[in-house]
Amino acid sequence: MNRTYPSVFTTQEAAQHGVSRRVLKRNNNINQHSQGLRFVGNPDVALIAEKICELTEDIVISHHTAAKVHGLRIPNYLEKKHEISVLKTHGKWSTKRQGVVGYRTKKLLDDETQPFGSAYITTVERTIFDLAQYLTPYQLIQVVDGAINSHAHGYYCFEAQTSIEKIRGLCLKHPGERGVKKLKLCLERARVGSDSAQETLLRLLLDDHGIHGLLLNHPVYSEDGELLFQSDLADERTKTSIQYEGEHHSEQLQVRRDIRRERRTEDAGWTEIRIMATDLYEEVFDADAQDWMPRAVSIVRRVLKAKS
């Protein structure tokens, strides 16, 4: 007789349903995550994290695992990290559970966690605060940009997960803790309007090379109010639209959309600059600046100078 198991369960739950440890061990479809915890298939990380919290007292889902659950724009190396990160809320950290990374904190306030199934998880603001301990400034700004991003107009609309004010307010409650100074500085550079981590990186690179004041997700309308196009970054003075082309822009339907957008941009009297991922990471020697810089920066500098 075949049994149907939930994707993640404890050995105690299995025993309550008459399934012994011996039966679990003999079933090739059931894998052991750590002591007392079993899973079937490839379950969502959130389900495993929730069960781990059930097995250990006074811990909450935190750091990169909480970031995954909240859908924050964390670096790829954290997205691929299989370990579950948890935060100890009281007492000493003593768990030696396989596949679990435990953190301790000086202070975790009640409004910095929220219910998550049968467990608790750090809020978006607290999760960003914890990530500030080990992310680089660029990576941290990318995370914040994603969390505060919103669209009130354009092709689609959505609300932000949090705000700079809320994150800054949390920082004020934890003076002197690790990562606070870095996070405060990064909040000064965070902006609403970046639809991807790469768009944030492009903006930061341009800003660090003297190209300031660009508008994010800037809509341009026709005289009768039709949305002609929406720039990832825009320089209104020179009517320059900078578009970051991610991997999805190679899809046939998106290619057609991009061509139509480029034509509308030209018809409106604007110039479109299209930037690829390699332009962000490959450096070139800019003869005008007499310096090495990311190709994206050199391309934008050249166009803006010609239109000035």
Side-chain angles (χ1 to χ4, degrees), residues 4-14 19 21 24-89 92-105 108 112-136 138-147 161 178-179 196-198 200-201 246-247 277:
T4 301
Y5 298 93
S7 57
V8 181
F9 59 94
T10 65
T11 53
Q12 185 178 4
E13 288 173 331
V19 182
R21 291 177 181 267
L24 294 177
K25 189 174 183 179
R26 291 172 58 184
N27 191 320
N28 294 328
N29 295 320
I30 298 176
N31 299 294
Q32 179 175 343
H33 178 273
S34 54
Q35 184 179 1
L37 188 61
R38 303 293 186 272
F39 68 93
V40 178
N42 187 26
D44 188 275
V45 65
L47 295 176
I48 296 178
E50 182 182 352
K51 287 296 181 182
I52 287 174
C53 288
E54 290 181 16
L55 293 170
T56 308
E57 292 184 352
D58 298 328
I59 63 172
V60 300
I61 304 167
S62 67
H63 293 74
H64 73 271
T65 304
K68 289 182 184 180
V69 174
H70 289 308
L72 299 181
R73 294 177 187 169
I74 55 178
N76 286 335
Y77 80 91
L78 289 182
E79 283 285 1
K80 296 176 181 179
K81 199 170 183 178
H82 296 297
E83 292 90 349
I84 303 298
S85 57
V86 295
L87 192 62
K88 184 71 171 174
T89 58
K92 294 183 179 180
W93 179 256
S94 59
T95 299
K96 302 292 184 180
R97 186 174 295 279
Q98 178 184 356
V100 178
V101 179
Y103 297 88
R104 294 185 62 188
T105 180
L108 181 67
E112 293 172 5
T113 64
Q114 62 189 58
F116 182 75
S118 60
Y120 279 84
I121 187 172
T122 52
T123 62
V124 169
E125 298 80 18
R126 175 68 199 213
T127 302
I128 293 173
F129 174 85
D130 290 331
L131 292 175
Q133 297 175 14
Y134 50 79
L135 292 185
T136 67
Y138 268 21
Q139 291 170 342
L140 190 54
I141 297 169
Q142 288 171 318
V143 172
V144 175
D145 269 12
Q161 292 178 280
R178 183 183 174 192
S196 70
Q198 298 291 68
T200 294
L201 177 58
E247 291 183 2

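- Looking at Asp130 and Thr122, their side chains come closer than 4.5 Å, going by heavy atoms from C-beta outward.
- Remark: Glu57 CD is loosely packed, at most 12 non-hydrogen atoms of other residues, nucleotides or ligands lying under 6.0 Å away.
- Closest of all the heavy-atom pairs between His33 and Gln98 is CE1-O, 3.5 Å.
- The environment of Gln32 atom CD is dense: over 12 non-hydrogen atoms of other residues, nucleotides or ligands sit within 6.0 angstrom.
- With hydrogens and angles disregarded, a donor-acceptor distance shorter than 3.5 Å links the side chain of Gln161 to the backbone of His70.
- Atoms CG and CD1, from Leu135 and Ile128 in turn, are 10.0 Å apart once rounded to the nearest 0.5 Å.
- The number of heavy-atom neighbours closer than 6.0 Å to CD of Glu83, taken from other residues, nucleotides and ligands shown, is above 12.
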Given the rule in the side-chain contact (heavy atoms from CB on, under 4.5 Å) test, do Arg21 and Arg38 qualify, once you have shown the distances and angles that lead to the verdict? CA-CA 10 Å; Arg21 291 177 181 267; Arg38 303 293 186 272; 4.3 Å; yes
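- Using a 4.5 Å heavy-atom cutoff, the side chains of Ile84 and Arg97 are not in contact.
- The aromatic rings of His63 and Tyr134 lie parallel to each other, with less than 30° between the two planes, well short of the 60° mark.
- Residues Asn29 and Asn27 share a closest heavy-atom pair of N-OD1, 2.9 Å.
- In terms of modelled atom types and a separation under 3.5 Å, the side chain of Glu50 and the main chain of Ser118 share a donor-acceptor contact.
- Not a single donor-acceptor pair under 3.5 Å links the side chain of Thr127 to the backbone N or O of Ala67.
- To the nearest 0.5 Å, the span separating NZ on Lys80 from NE2 on His82 amounts to 9.5 Å.
- Here Thr105 contributes atom OG1 and Phe129 contributes atom CZ; the two are 6.5 Å apart, rounded to the nearest 0.5 Å.
- The backbone N or O of Gln139 lies less than 3.5 Å from a partner atom in the side chain of Thr136, making a donor-acceptor pair.
- A 4.5 Å side-chain heavy-atom check between Gln12 and Glu54 finds every atom pair outside the cut-off.
- Looking only at side-chain heavy atoms (C-beta outward), Arg126 and Thr113 stay at 4.5 Å or farther from each other.
- A pairwise comparison of heavy atoms in Phe9 and Val40 identifies CE2-CG2, 4.1 Å as the closest pair.
- Residue Leu87 comes nearest to Ser62 through the heavy atom pair N-OG, 3.2 Å, listed as atom of the first residue, atom of the second, then distance.
- Atom-to-atom distance recorded for Ile141:CD1 and Arg73:CZ is 13.0 Å, nearest 0.5 angstrom.
- One finds the CG atom of Leu108 at 11.0 Å from the CG atom of Asp58 (value rounded to the nearest 0.5 Å).
- The shortest heavy-atom contact between Ser85 and Tyr103 is CB-CE1, 3.9 Å.
- Summarising the geometry of Val8 relative to Lys51, their closest heavy-atom pair is CG1-CG, 3.4 Å, with the distance given to 0.1 Å.
- Interatomic distance, CG of Leu24 versus CD1 of Ile30, reported as 5.0 Å (0.5 Å rounding).
- Each of Val60, Val69, Thr65 was compared with Ile121 under the side-chain contact (heavy atoms from CB on, under 4.5 Å) criterion, and only Val69 meets it.
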